[in-house]
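Worksheet: the structure to be examined is printed underneath.
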Protein chains: 2
Amino acid sequence: MTEHAPLSAEELAAYFALREVASLLEHGVEQQLRDDGGLTGPAFGILARLFGSPTGRLRMTDLADGLVYSRSGITYQAGQLEKRGLITRTPGEDDERSIIVEMTPAGREVLDAVLPGHNDVVRELLLGSLSKRDVAALTDILGRVRDRMRAGPPRSAAPRAKRN
Amino acid sequence: MTEHAPLSAEELAAYFALREVASLLEHGVEQQLRDDGGLTGPAFGILARLFGSPTGRLRMTDLADGLVYSRSGITYQAGQLEKRGLITRTPGEDDERSIIVEMTPAGREVLDAVLPGHNDVVRELLLGSLSKRDVAALTDILGRVRDRMRAGPPRSAAPRAKRN
DNA sequence: TATTGTTATACTCTATAACTATA
DNA sequence: TATAGTTATAGAGTATAACAATA
């Protein structure tokens, strides 16, 4: 099952294209977020998730799950947002170990100030090059990849190179 | 031309899928590089580009161009690699302002030690979920996006949100 | 015991601006 | 003047491990 065979030219091309596009897209987005709202990528991620949450409230752990950061990383980012008054952190009522994060009106304002430009950048860098069919194909393909990644990170299927 | 209209659900789905897959992939790859060769992502990028270069030698500026880093960032990364004896930096002969970077045998060893595991991780996380048609479609779509991104970053077409 | 979250620490990385040297 | 590269600096982000409190 473990095949150390090199990747084919086609596979490499797909891999590199993905990495490069994602990298350029990330840079573009982060610059816009900084310019328009003084937000870092992670900070924007937190606000966006709070905005997208049905109740508008999420636990720290919920945030850490979706985003790819460590727990202490989330604590740091949330601390920055709280300092700026963009979120509040209050102890959970049912489970007193947990912390409930909510967006403040000020936070909502910053998000609103940033979203239009964000849309523009994503459109300009990514979506502008794509037909509706492309968008659908991308979502289909990458959606499957994501689901498999999230599903069971089959650690057992993650062979490390054995040198010598 | 400037439309601040929100992204459609389909567009958002594609964008999020791309960001999430790229993020998870990056984390997986960086962990493997660290485990198998003590390399960071940028350091691996430099070695890989030297390996891929026909002559095996690249100027600092050539490295900075492909990778997304600032010049000082490349200087830093190259400094780290030089400390470990994985590359050499020698003044250019034709143009004495430039620095020629080359991979040492030790650098080649580290790269060789890392590549098999790297292939495995990419296969496991990304390619394992994809058919040949998927790979081709991904390359086609993202290749177009990349070309447009690289082509002429039409700054003029990069509208910043005007908060009234 | 396991889980939630914070803190302390230490390190890596990155960018900016000032600087040197060559073209 | 413009280009190639370095350095100094300073800040932001990240992870790890130890910790406290609740379940």
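Residue numbers start from 1 in every chain, and the chains themselves are labelled A, B, ... in the order their sequence lines are given, proteins ahead of strands.
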Next item on the list: Determine the minimum heavy-atom distance between B/Arg89 and B/Ala78, stating which atoms define it.
Entry: NH1-CB, 4.0 Å
Margin query: By nearest atom, which of the nucleotides C/dT6, D/dA15, C/dT14 is closest to the B/His27 side chain?
Written below: D/dA15
Check: Taking atom CE of A/Met149 and atom CD of B/Glu124, what is their separation to the nearest 0.5 Å?
Finding: 8.5 Å
Checklist line | Whole-Å distance separating the CD1 atom of B/Ile100 from the P atom of D/dA4 | finding: 12 Å
Check: Under 4.0 angstrom, heavy atoms only, what part of the nucleic acid is A/Arg89 near: base, sugar-phosphate, or nothing?
Finding: sugar-phosphate
Item checked: Ion pair check, A/Arg59 and A/Asp95, cut-off under 4.0 Å -> no
Note to self: Could you report the tightest heavy-atom contact between B/Leu50 and B/Met103, atom names first, then the distance?
What the structure shows: CD1-N, 4.0 Å
Next item on the list: Under 4.0 Å between any heavy atoms, over every strand shown, what does B/Thr75 touch: base, sugar-phosphate, or nothing? Just pick one.
Entry: base
Next item on the list: Return the 5'-most residue of the pair B/Arg59, A/Gln77 with respect to DNA chain D, ranking by each residue's nearest nucleotide.
Entry: B/Arg59
Next item on the list: Specify the residue among A/Tyr76 and A/Asp95 whose closest nucleotide of DNA chain C lies further upstream toward the 5′ end.
Entry: A/Asp95
Next item on the list: Using a heavy-atom cut-off of under 4.0 Å over every strand shown, decide if A/Asp94 touches base, sugar-phosphate, or nothing.
Entry: sugar-phosphate
Check: C/dT14 P sits how many Å from A/Glu26 CD, rounded?
Finding: 11 Å
Item checked: hbond_proxy B/Arg97 side chain to D/dG5 base (donor-acceptor, 3.5 Å cutoff) -> no
Notebook entry, point to check: Does the base of C/dT16 carry an N or O that pairs as donor and acceptor with the side chain of B/Ser72 under 3.5 Å?
Noted result: yes
